[in-house]
Amino acid sequence: MFKPSRWWLVKNVSKLLTSGMHRVEFADFWMGDQFCSLVFTLSNLYFVGCIYATGIDHTWRRCTANPGPPWGVTFLLASLPLFVRLVQSVKRWVDSRLVTHLINGGKYGAGIIYYLCYYLWREQGGKRGPIFVIWCVFATNYSLYAGAWDLLMDWSLLKPHAPYPFLRPNLLYTNHIPFYYFAIVTNILIRFIWVLYIPQNGPDFIIRTFIAALLESLRRWQWNFLRLENEHIGNIDQYRVTREVPLPYSYDEPSHDSDGDEEEEAHDRRSTNSRTWKPGRRGSRSDHVAMQVDA
């Protein structure tokens, strides 16, 4: 069932592993952004393998207890989607020379540094110290960087003089205007979801990361709607997708104050055309010659 869809998924996921070797299309970086929201899933692949390899029993936490886990492996798995998007951004800059792609790549570079500091902090047992402060600084930088890019570039919101404040002039979901404001607020809040890891008391880190992963799924879900909407509107503005092609001239009805010359000229042209293509009478040599000339 759905063999073409499965093949499309396999093909586009495999293209992520060869980023930088081919031209980056919309489906490529859109798929890469989806994997950027799967950091929780990818980073836990090691723990899943460890638990299944050593056995599932009451001692399963030995795979996640400090200083046991090799945090370097989890960091590489977690930062892989960000690294792929960074390579794609550089490739797009090489092809187009638009500095915007380099700025976008800087966002993913900031994300890699953020996760590096996070796992260094986790390797030290989550204690307060210089690494904790550095992680908070880079986490704040990454959240502001990515949140601003979401609103200003991916969604093209916060436009001045828009019919609805803080939105854009052209909207597709006009029957769901509150959804835009809900997405703006929740997107910024979820970008700062890392603050859940700061309190020393409270739920276990595993539960906190699970909650953060669920909220990130919500953020990516609403991000997809507005990102695809913005891409579609951009295609329409650049006439890559359109149902109507604008004419290079204006077709206006005759004005009421016209003196009738235009109508008389149009009537004369119609009369001339009708006389030109009117069949000749049988037996008239001159009419036969006229028809041959017209033909």
Side-chain angles (χ1 to χ4, degrees), residues 9 12-14 16-17 19 29-56 59-89 105 107-127 129 131-132 134-143 145-147 150 187 189-200 202-221 223-224:
L9 178 63
N12 284 275
V13 171
S14 61
L16 295 178
L17 302 177
S19 298
F29 62 79
W30 182 82
M31 184 65 69
D33 285 329
Q34 308 309 307
F35 275 90
C36 287
S37 293
L38 297 179
V39 171
F40 172 80
T41 304
L42 295 175
S43 61
N44 280 272
L45 291 179
Y46 167 80
F47 303 120
V48 173
C50 175
I51 292 173
Y52 273 93
T54 58
I56 303 177
T59 63
W60 64 272
R61 284 184 176 271
R62 65 185 176 277
C63 292
T64 61
N66 292 308
W71 294 107
V73 177
T74 56
F75 164 70
L76 292 177
L77 293 173
S79 61
L80 181 60
L82 297 172
F83 179 75
V84 169
R85 288 293 290 119
L86 175 60
V87 173
Q88 288 180 342
S89 299
K107 178 185 67 175
Y108 298 106
I112 294 175
I113 298 176
Y114 155 69
Y115 282 110
L116 174 62
C117 297
Y118 168 74
Y119 284 110
L120 288 175
W121 175 59
R122 288 294 304 274
E123 187 177 16
Q124 295 184 353
K127 301 177 181 179
I131 295 297
F132 171 75
I134 295 175
W135 168 63
C136 289
V137 171
F138 280 104
T140 303
N141 175 69
Y142 176 60
S143 298
Y145 200 157
D150 290 337
N187 187 83
L189 292 178
I190 297 175
R191 280 295 188 182
F192 285 88
I193 197 62
W194 53 269
V195 298
L196 287 178
Y197 305 133
I198 294 179
Q200 294 181 324
D204 189 85
F205 260 95
I206 297 178
I207 298 178
R208 298 185 196 184
T209 53
F210 180 73
I211 294 175
L214 289 180
L215 294 177
E216 174 60 21
S217 299
L218 169 64
R219 191 196 69 82
R220 183 61 65 181
W221 173 79
W223 181 92
N224 285 331

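Since the model is a prediction, treat every value here as computed from it, not as a measurement. Nothing fancy with the numbering, it's 1 onward along the sequence.
- We find the CD1-CG distance between I207 and L196 to be 12.0 Å, quoted to the nearest 0.5 Å.
- Residues F40 and F210 form a side-chain contact, since some pair of their non-hydrogen atoms from C-beta on lies under 4.5 Å apart.
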Side chain to side chain contact (heavy atoms under 4.5 Å, CB included) between Y197 and F205: does it pass, once the steps are laid out?
CA-CA 7 Å; Y197 305 133; F205 260 95; 3.8 Å; yes
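- You'll find the side chain of P81 reaches within 4.5 Å of the side chain of L42, heavy atoms only.
- Centroid-to-centroid, the aromatic rings of F138 and Y118 stay 6.0 Å apart or farther.
- To the nearest 0.5 Å, atom OG of residue S217 and atom CD of residue Q34 are 10.5 Å apart.
- In this structure, CZ in R219 is found 9.5 Å from CG in N224, a value given to the nearest 0.5 Å.
- L16 is listed as a side-chain neighbour of F35, based on a closest heavy-atom distance under 4.5 Å.
- For the pair N141 and Y114, the minimum side-chain heavy-atom distance is 4.5 Å or more.
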Going through the distances and angles, do W135 and L116 end up as a side chain to side chain contact (heavy atoms under 4.5 Å, CB included)?
CA-CA 8 Å; W135 168 63; L116 174 62; over 6 Å; no
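- S19 and V84 make their closest contact through OG-CG1, 3.3 Å (heavy atoms, listed as atom of the first residue, atom of the second, distance).
- Partners of T140 under the side-chain contact (heavy atoms from CB on, under 4.5 Å) rule, at least two apart in sequence or in another chain, are L144, F192, W194.
- In this structure, the separation between CD1 on I193 and CG on L215 is 4.5 Å, given to the nearest 0.5 Å.
- The backbone N or O of K127 lies less than 3.5 Å from a partner atom in the side chain of W121, making a donor-acceptor pair.
- Residue-environment remark: CZ (F132) exceeds the threshold of 12 foreign heavy atoms within 6.0 Å.
- The backbone N or O of R191 sits less than 3.5 Å from a side-chain atom of S143, completing a donor-acceptor pair.
- Taking the ring centre of F29 as origin, the terminal cationic atom of R85 falls outside the region bounded by 6.0 Å and 45° from the ring axis.
- Listed here is the closest heavy atom pair of G105 and L86: O-CD1, 3.2 Å.
- Separation of atoms SG (C117) and OH (Y142) is listed at 13.5 Å; rounding is to 0.5 Å.
- Under the rule for a side-chain contact (heavy atoms from CB on, under 4.5 Å), the partners of Y115 that lie at least two apart in sequence or sit in another chain are V39, F75, L82, Y119.
- Atom CD of residue Q88 and atom CG of residue D33 lie 8.0 Å apart, to the nearest 0.5 angstrom.
- A donor-acceptor pair under 3.5 Å links the side-chain atoms of R208 to the main chain of P203, judged by distance alone.
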